[in-house]
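Quick notes on the structure that follows.
Only heavy atoms go into these numbers, but all of them, side chains included; no hydrogens, no water, no symmetry mates. First listed ligand is number 1; within each ligand, the first listed atom is number 1.
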Amino acid sequence: MNLSTWARKKSPWIMHFPCGGCNGCDIEVVAALTPLYDAERFGALLKGTPRHADILLVTGVVTLQIKDRLRRVYEQVPDPKIVVAVGNCAVSGDVFDGSYAVAGPVDKVIPVDVYVAGCPPKPEAILSAVVKAIEKLP
Ligand code: SF4
């Protein structure tokens, strides 16, 4: 394992990108990243820019309005990157599936590496997905 891979796995930076849905998943992502659940024990840190991120946490169904922005944010995350789809809306579209305003679940727009089901998933499930994402970082 080279130095940059070692560093990335020890300190993966995360960007959270909400695409739509009811925002319930966003609240759980925020909760998962609070000191109560101590995501920093895995070295994980929330970042506000895709250019500094290793892991992209995407919540909500992808609306037509956000579709191009999601693709642009994905392209700005440096390779190698991991995408985690958080919540039923992001995984399958859930109740928004088929809506005229919706492009579809996240994997209809960008490649997804880890899926977390739930409406919304618990913070523990989100953290578990982050750990899986860290393991998948090449
Ligand atoms: S999965 Fe449930 S909680 Fe999450 S955005 Fe969709 S409707 Fe809201």
Side-chain angles (χ1 to χ4, degrees):
M1 189 186 298
N2 65 31
L3 184 62
S4 66
T5 306
W6 178 84
R8 201 178 300 116
K9 280 181 178 284
K10 289 289 178 188
S11 182
W13 288 1
I14 296 175
M15 179 166 173
H16 168 209
F17 192 81
C19 281
C22 78
N23 293 125
C25 289
D26 303 315
I27 292 166
E28 299 302 322
V29 167
V30 171
L33 297 172
T34 58
L36 182 66
Y37 294 97
D38 195 15
E40 287 193 28
R41 74 192 127 124
F42 306 114
L45 199 62
L46 189 65
K47 285 282 141 187
T49 165
R51 295 180 202 280
H52 294 164
D54 303 296
I55 297 171
L56 188 60
L57 276 188
V58 186
T59 53
V61 70
V62 184
T63 61
L64 292 175
Q65 196 179 23
I66 204 84
K67 186 174 101 180
D68 292 342
R69 293 182 182 96
L70 173 63
R71 206 172 275 142
R72 211 176 312 137
V73 163
Y74 172 78
E75 283 163 4
Q76 287 174 351
V77 177
D79 286 322
K81 55 196 157 197
I82 297 290
V83 176
V84 182
V86 177
N88 288 356
C89 288
V91 170
S92 69
D94 204 50
V95 291
F96 301 100
D97 190 35
S99 161
Y100 66 92
V102 154
V106 176
D107 63 6
K108 281 260 160 64
V109 180
I110 58 172
V112 172
D113 303 283
V114 181
Y115 295 86
V116 193
C119 180
K122 287 182 170 186
E124 292 91 335
I126 297 170
L127 273 187
S128 163
V130 167
V131 171
K132 274 193 197 122
I134 294 170
E135 284 164 5
K136 283 185 169 225
L137 275 172

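- Cluster membership check: L46 does not share its hydrophobic cluster with F17, using side-chain heavy-atom separations under 4.5 Å among Ile, Leu, Val, Met, Phe, Trp and Tyr.
- Among all heavy-atom pairs drawn from E135 and K9, the shortest one is O-NZ, 3.2 Å.
- For the pair P12 and D54, the tightest heavy-atom approach, listed with the atom from each and the gap, is CA-OD2, 3.5 Å.
- Rounded to the nearest 0.5 angstrom, R69 CZ and T63 OG1 are separated by 8.5 Å.
- With K108 contributing its side chain and G104 its backbone, the two residues share no donor-acceptor pair below 3.5 Å.
- Connection of V62 to V83 is established within a shared hydrophobic cluster, with ILVMFWY side chains joined at heavy-atom distances below 4.5 Å, either directly or through further cluster members.
- Listed as neighbours of ligand 1 are G21, C22, G24, C25, N88, C89, G118, C119, P120, each bearing a heavy atom under 4.0 Å from the ligand.
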